[in-house]
Structure formats: structure tokens, C-alpha cells
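Ligands are counted one by one from 1 in listed order, and the atoms in each one are counted from 1 as well.
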Amino acid sequence: MSEKKKIIAVMGATGAQGGGLVRAIQRDAAGEFTARAITRDVNSPAARQLAALGAEVVAADLYDPGSVARAFTGAYGAFCVTFYWAHMSPEKEQVEARTLAAAAKDAGLEHVVWSTLEDTRKFVPLTDNRMPTLMGKYKVPHFDAKGEADAAFASAGVPTTYLYTSFYWENFIYFGMGPKKGEDGKLTLTLPMGKAKLSGISAQDIGKCAYGIFKRGAPYIGRRLGIAGGFLTGAQMAATLGHALGKPVRYVAVPPDVYRSLGFPGADELGNMFQIDAEFQDQMMAARDLREAKALDPALQSFDAWARAHKDRIPTS
Ligand SMILES: NC(=O)c1ccc[n+]([C@@H]2O[C@H](COP(=O)([O-])OP(=O)(O)OC[C@H]3O[C@@H](n4cnc5c(N)ncnc54)[C@H](OP(=O)(O)O)[C@@H]3O)[C@@H](O)[C@H]2O)c1
């Protein structure tokens with residue numbers, strides 16, 4: 001008789017990072033784990049897709065701590081991610097992280113992978129005016145809130161791997177950051193990155209790397225590690241997108257101030273983020289290990305492979 005599988009409770013299971021993890025676990029039929037997919041709506045099409053893969057699908061809402069505690073009970077481990085862009089409040093994101101850490105502690109989980117990012121105030125303190133301070137005490141709120149929330153897991157004594165993620169290449173599809181037709185009709189990729197390299201990854205590969213971490217277990221507990229699928233300049237990304245799309249894409253490097261003033265929701269925050277990515281590219285790249293990411297997820301995609309696979313979904317108008 002086969003041994004009972006260990007349960008990994010996956011927050012954000014119907015989303016990008018968590019979805020990659022649920023699929024990786026369920027695809028590995030011979031593996032030691034099974035996924036418990038957490039969603040607010042067990043009847044949504046996305047939740048049903050996960051159930052069809054054999055995942056247990058359970059309901060919980062991060063704003064109902066009891067439901068999260070129940071969703072973690074009996075599990076071996078959990079993948080913890082928070083949802084900044086659902087509300088754009090760093091304070092709410094920290095409440096979410098504390099709820100996750102407390103539930104993990106109460107459930108006695110043996111391994112948590114916490115999807116985090118750097119607190120950018122360690123690079124640019126609030127007194128540094130090279131970029132505006134946002135919401136009173138942040139430089140890049142969705143980074144800073146996650147970095148600050150690392151302490152929730154540490155102080156609760158939860159056995160945690162702190163996983164530093166990277167810019168999703170899917171932002172070129174869903175987040176309005178992809179190439180756009182300029183006045184001359186030519187496709188243009190506009191980023192405030194100058195000639196610096198951006199750490200990027202396909203979002204689903206974050207979940208796949210997390211699966212590699214759960215499989216390796218103990219040596220990863222207490223570790224901080226960063227993952228990326230590639231480090232590329234704006235010019236390199238534009239050239240690769242152009243190649244995949246079969247039409248040239250020009251890179252236009254705008255100053256961060258110009259990007260911050262573009263007027264879309266979050267433009268100021270993303271302007272600050274890209275400025276940090278550019279000015280601290282060495283630190284951002286040093287904190288992310290392409291080789292380790294590839295070892296954790298042997299099918300890790302390069303940007304070139306990602307662009308070719310997604311060329312029909314990248315908007316070009
Ligand atoms: N975009 C980037 O480049 C990038 C890069 C690195 C990190 N990040 C970070 O990634 C995080 C989001 O992760 P993601 O992209 O994997 O998420 P996502 O694809 O936007 O969705 C995650 C899922 O979370 C669930 N969810 C939302 N609010 C919830 C709540 N209150 N309680 C329980 N579940 C809830 C939703 O599922 P249901 O509707 O099924 O409940 C949703 O499908 C953000 O904090 C962001 O800062 C983004």
C-alpha cells in the first residue's frame with residue numbers, strides 16, 4: 001500500500017504563483033506531496049480546474065483568519081503569498097502575512113515557503129530624495145511590505161524558506177507593460193531601466209521552484225534565496241520580443257520621473273521599483289541565483305523560450 005501523501009496548502013492557488021505550484025505537485029503523481037488548493041470560491045472555473053487535477057480544494061479568505069487556520073490544519077507545509085495588487089495597501093499586505101504566519105504556527109507546519117521581496121528602504125532610506133516616499137513610509141510599497149513581513153514568520157518561529165521572486169514576464173501580457181504601437185506605427189517597449197538588467201521570470205516557474213524547495217526540505221528551512229529565469233536589459237527584452245513576434249520592437253528608456261508621471265494606478269510605485277531595479281541591479285542579481293532556480297525547476301524557462309511560447313498572447317496594438 002502506498003504511503004499517505006504529505007499535504008502542501010497553497011495560498012493563491014487559482015493565481016499565478018500558487019497555480020504553478022499546485023500544477024507541479026499534481027503532475028508529479030509519484031511524488032510524496034499532494035496539493036490543498038486554497039480559494040475563496042471553490043466553485044469558480046479556476047478552482048474546478050485544480051480539482052480536476054486531483055488537488056483538494058478548500059475555501060478560505062485571508063481576511064477570515066479562522067478559515068486560513070482550518071485550511072492549514074493537518075498539512076505538512078504551506079506556500080504563503082499575499083495579494084498587494086488586490087488593494088494596493090502595504091498595511092493590509094502585512095495583516096495578510098501575519099495571518100498566514102499565525103496560522104502556520106498554530107497548525108505546526110514543518111515547512112513554509114514565503115513569497116517575499118526586498119525591503120527597498122535598505123537601498124534607499126526614506127531620507128533619500130532620489131525618488132519620492134510613498135504612502136508616508138515606503139519607497140516601493142509592495143516590496144517593502146513583504147520585506148517587513150518576513151519578521152512575522154521569523155518571530156512566530158515558523159520553519160520558513162524566504163523566497164525572493166522576480167518581475168513576471170507575464171506583465172508584458174496582463175499588466176499593460178508590453179510593447180505598444182508608437183505614433184510611427186512601430187512597436188515600442190518603454191521601461192525606465194536605462195541599460196540596466198532586470199531580474200525576470202515566468203510567474204508559473206515561481207511555483208515550480210517552490211515545489212523544488214519543498215522536495216528538498218530541511219536544508220532550505222531558514223534560508224533566503226532568490227530566483228529568476230533571466231537577467232535582461234530593456235534592449236535585450238525588446239529584441240527577443242521582436243524576434244518572437246516576427247516584427248521589430250524598439251526599446252525606449254524613459255527617466256523614472258517620466259514613468260512615475262504616466263498616470264496609471266501604481267505608476268509612481270512602479271517607477272520607484274524600476275529605479276531600484278536599475279540602480280541596484282548588482283544587488284538584485286546577486287540575490288537571485290539562475291543556476292539554483294534551474295536546479296529547483298529543471299524546465300525553468302528563459303525569456304526567449306517564454307516569449308516564443310506566449311507570442312500569440314502578447315498585445316501588439
Ligand atoms: N507582477 C509581478 O511582476 C510580481 C512579481 C513578484 C511578486 N509579485 C507579487 O505576487 C503577489 C500576487 O501573487 P500572484 O500573482 O500569484 O496572485 P494572482 O495571480 O493575482 O492571484 C492570486 C489568487 O489569490 C486569491 N486571493 C486574492 N485575495 C485573496 C484573499 N483575500 N484570500 C484568499 N485568497 C485570495 C485569488 O484566488 P480566488 O479568487 O480563487 O480566491 C487569486 O486568484 C503580489 O503580492 C505581488 O506583489 C508580483
Side-chain angles (χ1 to χ4, degrees), residues 9-23 36-51 55 57-72 78-100 103 113-120 138 140-149 162-178 191 198-210 226-229 237 266 269-270 272-274 276-277 284 287-288 303 306:
V10 182
M11 193 44 71
T14 59
Q17 300 186 30
L21 174 58
V22 172
R23 285 182 175 76
R36 179 181 288 167
I38 301 173
T39 172
R40 290 166 300 177
D41 179 4
V42 296
N43 292 312
S44 71
R48 285 172 189 270
Q49 274 181 19
L50 300 178
V57 178
V58 304
D61 189 317
L62 267 179
Y63 292 90
D64 173 1
S67 71
V68 180
R70 286 191 292 281
F72 282 7
F79 179 73
C80 293
V81 57
T82 46
F83 306 109
Y84 179 80
W85 296 105
H87 41 67
M88 295 172 71
S89 160
E91 280 77 25
K92 279 192 179 173
E93 186 161 35
Q94 294 198 34
V95 170
E96 294 175 0
R98 287 198 292 272
T99 297
L100 290 165
V113 175
W114 158 234
S115 174
T116 190
L117 287 166
E118 286 89 347
D119 185 332
T120 63
Y138 303 98
V140 185
H142 71 285
F143 272 59
D144 303 347
K146 289 181 184 67
E148 207 174 311
Y162 301 83
L163 181 64
Y164 293 84
T165 61
S166 288
F167 175 87
Y168 299 175
W169 291 324
E170 282 75 8
N171 293 331
F172 294 138
I173 303 176
Y174 305 114
F175 217 74
M177 290 186 188
L191 289 173
L198 179 64
S199 304
I201 194 164
S202 171
Q204 61 157 349
D205 287 349
I206 297 172
K208 291 165 80 183
C209 287
I227 50 169
M237 288 190 282
E269 159 148 23
L270 293 172
N272 282 10
M273 178 190 82
F274 285 122
I276 297 263
D277 283 330
M284 300 303 271
R288 288 161 177 78
F303 185 60
W306 178 88

Query raised in the report: So which heavy atom in the protein is nearest atom 16 (O) of ligand 1, and how far is it from that ligand atom?
Result: Gln17 N, 2.8 Å

Query raised in the report: Taking side chain as C-beta onward, heavy atoms only, is Ile38 less than 4.5 Å from Phe72?
Result: yes

Query raised in the report: For atom 19 (O) of ligand 1, which protein heavy atom lies nearest, and how many Å away is it?
Result: Ala16 N, 2.8 Å

Query - Thr116 side chain to Lys146 backbone, donor-acceptor under 3.5 Å - result: yes

Query raised in the report: Is it true that Phe172 and Phe167 have ring centroids separated by less than 6.0 Å?
Result: yes

Report task. Take Arg23 and Leu50 through the side-chain contact (heavy atoms from CB on, under 4.5 Å) test and state the conclusion after the steps. Result -> CA-CA 8 Å; Arg23 285 182 175 76; Leu50 300 178; 3.8 Å; yes

Query raised in the report: Can you tell me the protein heavy atom closest to atom 6 (C) of ligand 1 and the distance?
Result: Thr165 OG1, 3.1 Å

Requested in this report: Consider only side-chain N and O atoms of His142 and Glu93, and report whether a donor and an acceptor are under 3.5 Å apart.
Outcome: no

Report summary line: Counting from 1 in the order shown, the ligand 1 atoms closer than 4.0 Å to a non-hydrogen atom of Val81 are 11 (C), 13 (O)

Query - Proximal ligand 1 atoms for His142, defined as those under 4.0 Å from one of its heavy atoms - result: 47 (O)

Query raised in the report: Under 3.5 Å, side chain of Glu96 to main-chain N/O of Phe83, donor-acceptor pair present?
Result: yes

Query raised in the report: Would you say Asn171 has any N or O atom under 3.5 Å from an N or O of ligand 1, going by distance alone?
Result: yes

Report task. Identify, for atom 47 (O) of ligand 1, the protein heavy atom at the shortest distance, and state residue, atom and that distance. Result -> Lys146 NZ, 2.7 Å

Query raised in the report: Tell me, do Arg70 and Val58 make a side-chain contact under 4.5 Å, heavy atoms counted?
Result: no

**Report entry** Atom of Val68, atom of Ala103 and distance for their closest heavy-atom approach
**Finding:** CG1-CB, 3.7 Å

**Report entry** Any protein heavy atom < 4.0 Å from atom 10 (O) of ligand 1
**Finding:** yes

Query - Min heavy-atom dist Ala13 to ligand 1 below 4.0 Å - result: no

Report task. Just say parallel, tilted or perpendicular for the rings of Trp306 and Phe303, cut-offs at 30° and 60°. Result -> parallel

Query raised in the report: Of the protein's non-hydrogen atoms, which lies at the shortest distance from atom 40 (O) of ligand 1, and what is that distance?
Result: Thr39 OG1, 2.5 Å

Report summary line: ligand 1 to Ala60, heavy atom cutoff 4.0 Å, flagged ligand atoms 33 (C)

Query raised in the report: Which atoms of ligand 1 have any heavy atom of Tyr63 under 4.0 Å away?
Result: 31 (N)

Report summary line: Which of Trp85, Tyr168, Trp169 passes ring-ring contact (aromatic ring centres under 6.0 Å, His included) with Phe175? Answer is Trp85

Requested in this report: Determine yes or no for a side-chain-to-main-chain donor-acceptor pair under 3.5 angstrom, with Ser166 supplying the side chain and Ile227 the backbone.
Outcome: yes

**Report entry** Option set Asp61, Thr82, Val68, criterion heavy-atom distance to atom 44 (C) of ligand 1, minimum
**Finding:** Thr82

**Report entry** Evaluation steps, side-chain contact (heavy atoms from CB on, under 4.5 Å), between Leu163 and Ile206
**Finding:** CA-CA 9 Å; Leu163 181 64; Ile206 297 172; 4.2 Å; yes

Query raised in the report: So which heavy atom on Asp61 is nearest to which on Ser67, and how close?
Result: N-OG, 2.9 Å

Report summary line: ligand 1 atoms nearer than 4.0 angstrom to some heavy atom of Phe167 are 3 (O)

Report task. Among all protein heavy atoms, pick the one closest to atom 43 (O) of ligand 1 and tell me residue, atom and distance. Result -> Thr14 OG1, 2.6 Å

Report task. Please work out which of Ala71, Gly12, Ser67, Ala203 has its closest non-hydrogen atom nearest to atom 23 (C) of ligand 1. Result -> Gly12

Query - Structural part of Glu93 in contact with ligand 1, heavy atom criterion under 4.0 angstrom - result: side chain

Requested in this report: Classify the contact between Ser115 and ligand 1 as side chain, backbone, both or neither, using a heavy-atom distance cut-off of under 4.0 Å.
Outcome: neither

Report summary line: heavy-atom search around atom 30 (C) of ligand 1 in the protein gives Arg40 CD, 3.6 Å

Report summary line: protein heavy-atom neighbour closest to atom 34 (N) of ligand 1 works out as Phe83 CE1, 3.8 Å

Query raised in the report: Hey, is Trp85 touching ligand 1 through its side chain, its backbone, both or neither, going by heavy atoms under 4.0 Å?
Result: side chain

Query raised in the report: Among Tyr84, Tyr174, Tyr168, Tyr164, whose heavy atom sits nearest atom 14 (P) of ligand 1?
Result: Tyr168

